[in-house]
Amino acid sequence: MTDSEDISISANLTPLPDRVGVDGLEDKWRGVWDEDGTYTFHNPGERSAVYSIDTPPPTVSGHLHVGHVFSYTHTDIIARYKRMNGFEVLYPMGWDDNGLPTERRVQNYYGVRVDTSLPYDPDFKPPFEGTEGKKIQAKDQVPCSRRNFIELCERLTAQDEKLFENLWRRLGLSIDWSQTYHTIGEHPRRVAQKAFLRNLARGEAYQKDAPGLWDVTFQTAVAQAELESREYPGFYHRIAFRFEDGTPIYIETTRPELLSACVALIAHPDDERYKPYFGKMVTSPLYNVEVPILAHPAAEMDKGAGIAMCCTFGDMTDVEWWRDLHLPTRSIIQRNGRIIMDTPDWIRDAQGRERFAAIEGKTTFSARKEVVEQLQAAGDMDGEPKPTMRMTNFYEKGDKPLEIVTSRQWYLENGGTNKRLNAELIERGKELNFYPDFMRVRYENWVHGLNGDWLISRQRFFGVPFPLWYALDEHGEPDYANPLTPSEDRLPIDPSIDVPEGYSEEQRNQPNGFMAEPDIMDTWATSSLTPQIVTKWAEPGAENESFFKSTFPMDLRPQGQDIIRTWLFSTIDRADLENHCLPWANATLSGWILDPDHKKMSKSKGNVVVPNEPIEKFGADAVRYWAASARLGLDATYDEGQMKIGRRLAIKLLNATKFALAIGREDENHHVGEAATATWNPQDVTEPLDRAAMAKMAKVVYDATESLENYEHSKALEAIEDFFWQFCDDYIELVKNRAYGTAESTGSTPSPQAVKSARTTLGLGLDAFARLLAPFLPYTTEEVWSWMHAGEGSVHRAPWPKPLTYAAAAFKASPDLLAQAGQALTALRGIKSKAKVSMKTPILSVMLNVNDELHDALVPALGDIAEAARVTGRITLRKASDLMEKYARPKDGASDDAAPAETTEEETIIVSDSELGEPPAKKPKQ
RNA sequence: GGGCGAUUAGCUCAGCCGGUUAGAGCGCCACCUUUACACGGUGGAUGUCGGGGGUUCGAAUCCCUCAUCGCCCACCA
C-alpha cells in the first residue's frame, strides 16, 4: 500500500433527496443506532484502549430541567470524540433513586408511611396512586412495612427513569444503555455493602455515640457536607445569671428555651471583664441550677455580651466546649425537636421544676415563648428581645434549623480527624485534572475545612442497609462493639430480612439472639462508589475482573460544581481507601443555567424550562449546539437565539453536503437518483485555491483536536463552525463553476484536472466537516454521512480526521489564499450590493487595487474569483504602488473612492473602474 | 470575614502568558429570489473592552484598588 492510497477517502454515494431538512432525523437515526449497537461498549481487554466515563446519576424526581441537557451534552461530546479516536467508550447511565427525595414523593404519591414493626405483606395495596399535587394528610397515610415501602419506591422511580431515558435518547446521548444501573439496585447495593465491610475491617468505618447534627423533620442525622447555611430570624435575649450574693451577670442568647440545658458560662481567657470570675459559680434564672464560669478560646469577646451560655447542645461550639471542658450532658431536646417530657433531675428547685413542666413536650418555638414570659415575670431579663438575622445551619433538604442530638451513628474516615489521610486526599486533588482548573480550589478548601469524619448512617428507610447485626445478651441488650457481618459472597443482604451466620430467624430480637442494624447508609455512601459500580468492581467472575481492569481507574468524572464537596470528594475518599488511587484522571465541572434574566434556574423560582420544549421546537442538534457553545465551569444563559443558530448550521450542513455530492451526478431536473462511488485522493488536489482550502482544513482539524483533548468543546466547535461557514460562503462559491466543469462568465473551460481538484476538495471538505461536527450534531452528521458512506456504518464510529490527510492535499500551500480570495470576492460582491443589483449581474470590467503581496497571491485564483463574481470582461489586479499614482490624479466616475490615503491603509483591496452589465432577465417562478 | 468566577457592540459570547485599525453570531439597516440552502444570500452601521490608579515605547490583556453580579467556605452566644 502506498502513502497516497493510505490517506485517500473512498465514498459510496447514495441517491440524494430533492429537499432536505432536520426534522425527522432524530427518530430515523435513534432507531438505527439502537439496532446497530453503535454505542455498545465492547471490552477490548486492555485499559489503554478504553475511555471510561463516570456519568452522574441524576436524582429521578420526575422533574426535568434544561440544565440536565446542558451538562450531559458536554460529556456526550467528549464521549463521541473519544469513540471516533478509536477508544471503546464506557459511557453508562445511572439513576440516583434512593434517599429522601424519593421517600417523600412515595409518601405523597401513594399515601403510605413506614412502620418498621410491621411484617412484609406481599399483597399490600397502597391507598392512593398518583395523588401528587393533592395533599394527603399524615393521618390518612397507611402504615406499611419497610420492604413494602421500598417496593413502592422502586415502582415510582421506574416510571421516572423511563422519562429521563426518553429525554437522553432524544437528545442523542451516546450512552450504552446496557450498562445502566440505579443506586438502589442489587449491584450497587452489593458494591456499597462490600466496600463498607472492607472499611469496617480496616478500621476506617466506626460507630460512635456522640452529639451530632440532627434534622427534626426527617428525624435523621445529617453529614457536614449536607449542611446549608441560611439566614434565619431570631431575637437576642439579655438574661441575668446571679452570683451567690445576687449580683447579676448578663449573657445574651437567641435560644432562651435551652436555659435549662445550660452547663456553664464561657468567656475568652483573655477577656479582662470576666477574668476575675473564672472558676466561680453562678445560678441560672428560673431553675436555680448552679453552673461554673469557665474560659475557652473559642469564646468571642465581641459577640453578644462576650460571655456565652453553653448548653447541651445549642450549636457546634457548645459541643466543642462540652468536649474540651468535660462538662456534664443535660439534654432537653428530643429527636422530634420537642422538649423532653420528664422534668430533668438536675433541676432540684421546686419552682424551677414547675417552670420546666410548663414547657415539657413543646416545640422549641413555643417553649421559647413560654421561657421568655417566665423570665420577664421573674425579672431576670434585661429589656426587650432584640430582633436579629443570623446564619443558621439547615439540612439542605430541610426547612427547620438543625438541632444537636446525641445518638449512635456510623462514621467513615474522610480526613476530618485523620491528619495523614487529610494530607493524602489533598494530594489526590492535586493529581486530578480539573476542568476548569480553578475548581480545584473548592476541593482543597473543603478538605482543609473538614472538622469531623463522614457520618454515613441515616435513620431512614429507602436506601442501602448496613450489612450488620448485633448479638443480644441475655437481657436483650445489643453488643454494638462487636457487630456481626455476613461473608462477601452473600451480599447484598438486608439484615432485617436476612439472618447472620449461626443464627436462625426465630432468634431475631430475642434475648441471646440478634438484632438488625436498623439504619441505612446515606445516599452519598453509595454514590461515592459509582466508579466501582460501573466498572463491576464487586462482581465475581473472570469476565468481570477483566472488565474492571479495562475500565478502572476511570478517565472522566463529569459533574456539577455544587457537589464537589459531596460527590467528587467522597468518591475520591472511597477510591483512596479501597483502591489506593484516584478514581479517575479528569473531572469536568459544569456551570449553571441562567434564565434570560440571569437568574439561576430552579424549581422554587418557577423559571425552569422543560427540555422537551426546545428540542421539539429547534431539534436536538440545535439544543446541543447551544449547550456546546458554553465553556465548562461557566454559567450559561438559556438562549433560544443560540438554538436557532444551531438549527441553521445543521440545515446548512445538509444543503452544502447535498450540493457538493450532487455535482456531476444530476439529471436535467437537478435530481440525483443514482448511487455512485468516488475516491477523494489528496493527490488530486492541484489548484492553488483548493490547496489553500485544504491547508486551512489541516489547521482547523489540528486546532479542534487540540481543544477537544483539553476538554474545550466550545473552542473546538467555534473553530470548526467558522471554517465551515467560510467554506460554504467563499470556497464553494468560488469553485462551484469549476467543479461543474463550466465557465459561463470567463468563457474558458477548466481542465479535467482542475475539475477533479475542485470535486476532490469539496468531497474531502464535506467528509471532514461531517466527522468534525459529529460530536456536536450527531443526527445531522449521521444523515449527511449516510449519503457519502452508504453501508460503511455510522459516522460516530468513523475515525476522527487527521491533519495529515489535508496537509497532504494542501501540498505546502498557505491557507491565506482562501481568505484573500474571499476578500476579493467580497469586494466584487460589494460593487453589486452598493449598486443594489442582483448578484447575477455581470461585471463587464473591474480593477482591483491590492497590496504587493496580495497581488502575487491572488493571481493564481483570479480565474475562480472572476467566475464566482461573474466577471465577463476584464479583471485587472494592480499593485499598491501603482494605486498611489492613480490617486494622485483627479478622477472621474463613481464616488466610492473617497479619501484615498486612509482607505489605502484600512482596506487591502480597493475596487475601482468597475462597470456593471445588465442584470439577467428574471426567471418566472416555477 | 476568607476565597473563586464574571463584567468587551442592543443581546449571547470569543479574544486575555502585552504588540498592527478590538472580533463573531444574533438583532438592526439596505439590497438581492443567484442551477445547495427564503429554515436563504449579499453588503452595511454599531464599542470611553465595569470605574480609578500604576507598570510599559505600547494595556481589553500584567499589577493595585473600588464597584456590581453569581458562587463556595466560615459565621447559631
Side-chain angles (χ1 to χ4, degrees), chain A residues 16 19-23 229 232 234 236-237 239 251-255 258 265-267 299-300 303-311 314-318 388 390-393 401-402 436 438-442 444-446 448-449 561-562 564-565 591-592 594 596 598-600 618 626 629-631 633-639 641-642 644-645 647-663 666 670 714-715 718 721-722 725 728-729 732-733 736-737 740 742 744 825-826 829-841 870 902 905-906 919-920 922-923 925:
Chain A
L16 294 168
R19 287 197 65 81
V20 297
V22 292
D23 298 320
S229 292
Y232 193 70
Y236 281 125
H237 306 78
I239 296 174
I251 58 101
E252 285 188 19
T253 179
T254 55
R255 304 208 52 187
L258 293 177
L265 301 189
I266 315 272
E300 291 177 43
K303 238 181 201 176
I307 184 163
M309 163 173 99
C310 172
C311 307
D315 61 34
M316 291 310 286
T317 316
D318 285 341
T388 173
R390 61 215 167 99
M391 295 306 282
T392 305
N393 279 332
L402 291 171
F438 65 77
M439 292 289 181
R440 182 194 315 278
V441 188
R442 298 198 186 179
E444 289 179 354
N445 284 348
W446 178 253
H448 277 302
Q561 54 179 325
D562 50 331
I564 290 175
R565 65 176 181 171
W592 307 115
L594 309 176
H598 288 231
K599 297 273 183 290
K600 183 182 161 187
F618 303 103
W626 157 73
S629 53
R631 282 185 290 166
L634 287 191
D635 297 346
T637 312
Y638 179 74
D639 185 3
Q642 203 66 18
K644 282 185 196 160
I645 300 165
R647 185 178 169 87
R648 213 170 65 113
L649 174 65
I651 292 167
K652 191 78 176 180
L653 181 64
L654 292 171
N655 279 306
T657 310
K658 189 192 93 176
F659 175 63
L661 297 179
I663 291 175
E666 295 161 295
H670 304 294
S714 59
K715 207 170 164 182
E718 199 185 345
E721 190 193 4
D722 269 5
W725 285 102
C728 291
D729 293 348
I732 294 181
E733 290 300 323
K736 66 182 178 189
N737 290 304
Y740 272 118
T742 59
E744 291 175 353
L825 186 56
T826 299
R829 283 166 179 160
I831 299 169
K832 303 180 194 183
S833 188
K834 277 190 189 122
K836 304 193 174 182
V837 295
S838 157
M839 287 296 139
K840 230 175 158 180
T841 310
R870 290 172 192 276
E902 289 88 332
E905 282 175 18
E906 287 186 6
K922 288 182 185 182
K923 275 195 298 186
K925 270 196 171 173

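No hydrogens, no waters, no symmetry mates; every other heavy atom, side chains included, goes into these values. Each chain gets a letter, A, B and so on, in the order its sequence line appears, and its residues count up from 1.
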Practice task
Look at the side chain of A/Lys658 and the backbone N and O of A/Val20, then say whether any donor-acceptor pair between them is shorter than 3.5 Å.
Solution key: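 No, A/Lys658 side chain to A/Val20 backbone: no donor-acceptor pair under 3.5 Å.
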Exercise for the section: Indicate yes or no for a side-chain donor-acceptor contact from A/Thr637 to the backbone of A/Asp639 under 3.5 Å, with no hydrogens or angles considered. Expected result: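 Side chain of A/Thr637 to backbone of A/Asp639: no pair is present.
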Distance between [atom1] atoms of [N] and [M] (Å, rounded):
N	M	atom1	answer
B/rG27	B/rA59	C1'	31 Å
B/rG5	B/rA9	C1'	23 Å
B/rA22	B/rG50	P	15 Å
B/rU68	B/rG51	C1'	11 Å
B/rC17	B/rG52	C1'	25 Å
B/rA67	B/rG58	C1'	28 Å
B/rG41	B/rC49	P	33 Å
B/rG54	B/rC29	C1'	43 Å

Does the side chain of [X] reach to within under 4.5 Å of the side chain of [Y], using non-hydrogen atoms?
X	Y	result
A/Asp635	A/Gln561	yes
A/Leu265	A/Cys310	no
A/Ile645	A/Leu649	no
A/Ile564	A/Trp446	no
A/Asn737	A/Arg870	no

State which of [options] makes the closest approach to the side chain of [X].
X	options	value
A/His670	B/rU35, B/rA38, B/rA36	B/rU35
A/Lys836	B/rU12, B/rC31, B/rA36	B/rC31
A/Lys840	B/rU34, B/rA36, B/rC13	B/rU34
A/Asn393	B/rC76, B/rG70, B/rG25	B/rC76
A/Cys728	B/rA24, B/rU12, B/rA36	B/rA36
A/Asn737	B/rU35, B/rC13, B/rA36	B/rU35
A/Thr317	B/rC76, B/rA36, B/rG25	B/rC76
A/Ala656	B/rC76, B/rA36, B/rA14	B/rA36
A/Arg565	B/rC73, B/rA36, B/rU12	B/rC73
A/Ile645	B/rC76, B/rC26, B/rA36	B/rC26

Interatomic distance where [atom1] belongs to [X] and [atom2] belongs to [N] [whole Å]:
X	N	atom1	atom2	value
A/Phe659	B/rU34	CZ	P	15 Å
A/Lys736	B/rU35	NZ	P	8 Å
A/Trp592	B/rU12	CH2	P	20 Å
A/Arg647	B/rC37	CZ	C1'	13 Å
A/Trp446	B/rC72	CH2	P	12 Å
A/Lys644	B/rU12	NZ	P	15 Å
A/Glu666	B/rU35	CD	P	12 Å
A/Arg870	B/rG41	CZ	P	17 Å

Practice task
Check whether any side-chain nitrogen or oxygen of A/Ser714 sits under 4.0 Å from OP1 or OP2 of B/rA14, and answer yes or no.
Solution key: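 It does not, given that no N or O in the side chain of A/Ser714 lies less than 4.0 Å from OP1 or OP2 of B/rA14.
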Could you list the protein-to-nucleotides 3-10 of chain B atom pairs, N/O on both sides, closer than 3.5 Å?
none

Taking atom [atom1] of [X] and atom [atom2] of [Y], what is their separation to the nearest 0.5 Å?
X	Y	atom1	atom2	value
A/Arg631	A/Lys715	CZ	NZ	9.5 Å
A/Arg255	A/Cys311	CZ	SG	8.5 Å
A/Thr253	A/Tyr236	OG1	OH	9.5 Å
A/Leu654	A/Arg19	CG	CZ	11.5 Å
A/Leu634	A/Leu594	CG	CG	10.5 Å
A/Ile266	A/Ile251	CD1	CD1	11.5 Å

Practice task
Walk me through it: do A/Asp23 and A/Arg647 pass the test salt bridge (charged side-chain N to carboxylate O under 4.0 Å, His left out)?
Solution key: CA-CA 10 Å; A/Asp23 298 320; A/Arg647 185 178 169 87; 3.3 Å; yes
Protein and nucleotides 42-46 of chain B: nitrogen or oxygen contacts under 3.5 angstrom:
{"unit_1": "B/rG43", "atom_1": "OP1", "unit_2": "A/Thr826", "atom_2": "OG1", "d": "3.3"}
{"unit_1": "B/rG43", "atom_1": "O4'", "unit_2": "A/Ser833", "atom_2": "OG", "d": "3.2"}

Handout entry: Pairwise 5' ranking along RNA chain B for A/Asn655 and A/Val837, keeping only the more 5' one
Key =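 So the residue in question is A/Val837.
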Exercise for the section: Find which nucleotide of RNA chain B each of A/Leu594 and A/Asp23 is nearest to by heavy atoms, and output the residue with the more 5' nucleotide. Expected result: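 Mapping each residue to its closest nucleotide by heavy atoms, the 5'-most match is A/Asp23.
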What's [X] touching, base or sugar-phosphate or nothing? Going by heavy atoms closer than 4.0 Å.
X	answer
A/Ala630	nothing
A/Arg255	nothing
A/Tyr232	nothing
A/Gly449	nothing
A/Glu721	nothing
A/Arg390	base

Handout entry: Which nucleotides of RNA chain B pair, in dot-bracket form (Watson-Crick or G-U under 3.5 Å, | meaning another strand)
Key = ((((((((.[[[[.)...(...]]]].(((((.......))))).....[[[[[..)....]]]]])))))))....
Exercise for the section: Check the pair A/Glu733, A/Arg829 against side-chain contact (heavy atoms from CB on, under 4.5 Å), reporting the backbone distance first and the verdict last. Expected result: CA-CA 12 Å; A/Glu733 290 300 323; A/Arg829 283 166 179 160; 3.5 Å; yes
